[in-house]
Every structure is written in C-alpha cells, then in structure tokens.
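Heads up: the structure comes next, in structure tokens.
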Amino acid sequence: MIYDVVIIGGGQAGLVMGYNLKNRKVSFLITDASSEVGETWKQRYDSLRLFTPDYFSSLPGLRLEAKSYPTKDEIANYLKLYTTEEKTSHCS
Ligand SMILES: Cc1cc2nc3c(=O)[nH]c(=O)nc-3n(C[C@H](O)[C@H](O)[C@H](O)COP(=O)(O)OP(=O)(O)OC[C@H]3O[C@@H](n4cnc5c(N)ncnc54)[C@H](O)[C@@H]3O)c2cc1C
C-alpha cells in the first residue's frame with residue numbers, strides 16, 4: 001500500500017495530524033516505536049497527574065472525560081480510544 005503521508009510517532013501530535021489528514025481524505029500511516037498507543041504515558045511514574053485540566057488536554061474531535069486533572073493512565077487510555085472512536089478513528 002502506498003500512503004501520501006507517513007507520520008513518525010503516534011503521540012498527541014501524530015494522532016492529531018492523522019485526524020486532520022483523515023478529514024482531508026489524505027491517506028496516511030502512523031508508525032511508533034512503542035508497541036501500543038499511549039505506552040509512553042503508561043511507563044511514567046504512578047502519581048503523575050497532568051497540570052492541565054481535562055478541557056485543556058482534549059484533542060480535536062473527542063472530549064477527554066477525566067476527573068479535572070487527568071492521571072497518566074487516563075491519558076494513555078484516552079489516546080488509545082482516540083484511535084478507535086468513529087469520529088477520530090485512524091482505521092478505515
Ligand atoms: C512528566 C510529563 C508531564 C507532562 N504534563 C503535561 C501536562 O500536564 N499538560 C500538558 O499540556 N503537557 C504535559 N506534558 C507535555 C506533553 O506530554 C507533550 O507536550 C506531548 O506529549 C507532546 O506530544 P508529541 O506527540 O509531540 O510527543 P510524544 O507524546 O512524546 O509522542 C512521541 C511519540 O513518538 C514515538 N517515537 C519517538 N521516537 C520515535 C522513533 N524514532 N520512531 C518511531 N516512533 C518514535 C514515541 O514512542 C511517542 O509515542 C508532560 C510531559 C511529561 C514528560
């Protein structure tokens with residue numbers, strides 16, 4: 001398969017890039033060194049909470065539902081969900 005765009009890194013920036021390319025009907029592939037989406041967040045220290053509240057931490061197209069300041073696992077799960085929800089899904 002030939003893609004118009006290859007995105008190296010499926011963190012927040014790469015996922016949002018994919019979201020915008022999908023909306024513009026541009027084919028793309030996201031590659032990541034991690035084995036699954038959100039893994040870099042999962043590996044961070046257990047007590048980590050974002051210093052930005054949920055409404056500043058949402059990516060376009062999908063609201064992050066968390067208790068005010070999200071934990072690292074909430075972010076990891078949110079990023080995973082971002083790739084599978086219909087509106088923001090990266091699979092077609
Ligand atoms: C401890 C900590 C707390 C933070 N708290 C906040 C906060 O509260 N609020 C806030 O707004 N920001 C916060 N940040 C910053 C936020 O995490 C970054 O701004 C954001 O993650 C940047 O997104 P990104 O997609 O550019 O990079 P990343 O999230 O770092 O994603 C990069 C991706 O690229 C992959 N990758 C890297 N190298 C390669 C390679 N050679 N080949 C393939 N894949 C590769 C990685 O596996 C990763 O998935 C925090 C950061 C840290 C470290």
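Every number for a ligand or one of its atoms is a count from 1 in the order of the listing. Bear in mind the structure is a predicted one, so any value in this text is a computation, not a measurement.
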Under the side-chain contact (heavy atoms from CB on, under 4.5 Å) rule, what do W41 and L79 come out as? Steps first, then yes or no, please. CA-CA 10 Å; W41 283 98; L79 294 181; 3.7 Å; yes
Going through the distances and angles, do I8 and V6 end up as a side-chain contact (heavy atoms from CB on, under 4.5 Å)? CA-CA 6 Å; I8 314 287; V6 175; 4.1 Å; yes
Is [atom] near the protein, in the sense that some protein heavy atom lies at less than 4.0 Å from it?
atom: atom 21 (O) of ligand 1; value: yes
atom: atom 37 (C) of ligand 1; value: no
atom: atom 27 (O) of ligand 1; value: no
atom: atom 8 (O) of ligand 1; value: yes
atom: atom 41 (N) of ligand 1; value: no
atom: atom 18 (C) of ligand 1; value: no

Only heavy atoms count here, so choose which of [options] is nearest to [atom].
atom: atom 1 (C) of ligand 1; options: L48, V16, T52; value: L48
atom: atom 35 (C) of ligand 1; options: I30, T31, D32; value: D32
atom: atom 6 (C) of ligand 1; options: W41, F51, Y45, Y69; value: F51
atom: atom 45 (C) of ligand 1; options: P53, A33, S35, S57; value: A33

Salt bridge (Lys or Arg N to Asp or Glu O under 4.0 Å) pairs, two or more places apart, involving residues 71-84: E36-K80, D46-K72
Going hydrophobic residue to hydrophobic residue with side-chain gaps under 4.5 angstrom, can you get from L48 over to Y69? no
Tell me: protein heavy atom nearest [atom], and distance?
atom: atom 30 (O) of ligand 1; value: R44 NH2, 4.8 Å
atom: atom 31 (O) of ligand 1; value: G11 CA, 3.4 Å
atom: atom 29 (O) of ligand 1; value: Q12 OE1, 3.2 Å
atom: atom 34 (O) of ligand 1; value: G9 CA, 3.2 Å

Just by distance, do the side chain of E85 and the backbone of L81 share a donor-acceptor pair under 3.5 Å? no
Quick check: does any side chain N or O of S34 sit under 3.5 Å from a backbone N or O of E39, one acting as donor and the other as acceptor? no
Going from [atom1] on [X] to [atom2] on [Y], what distance comes out if it is rounded to the nearest 0.5 angstrom?
X: T31; Y: I7; atom1: OG1; atom2: CD1; value: 9.0 Å
X: Y78; Y: L15; atom1: OH; atom2: CG; value: 9.5 Å
X: L29; Y: Y3; atom1: CG; atom2: OH; value: 5.0 Å

What are the atoms of ligand 1, with element, lying closer than 4.0 Å to any heavy atom of A13? 24 (P), 25 (O), 26 (O)
Within the 4.0 Å heavy-atom shell around I8, which atoms of ligand 1 are there? 42 (N), 43 (C)
Does only the side chain of L50 get under 4.0 Å from ligand 1, or the backbone, or both, or neither? Count heavy atoms. both
Check each heavy atom of E39 against ligand 1 and say whether those closer than 4.0 Å belong to the side chain, the backbone, both or neither. neither
Any nitrogen or oxygen of S34, main chain or side chain, under 3.5 Å from a nitrogen or oxygen of ligand 1? yes
Do D32 and V37 have side chains that approach each other closer than 4.5 Å (heavy atoms only, starting at C-beta)? no
Ignoring hydrogens and angles, write down the donor-acceptor pairs under 3.5 Å from the side chains of residues 61-68, residues two or more places apart or on other chains.
none

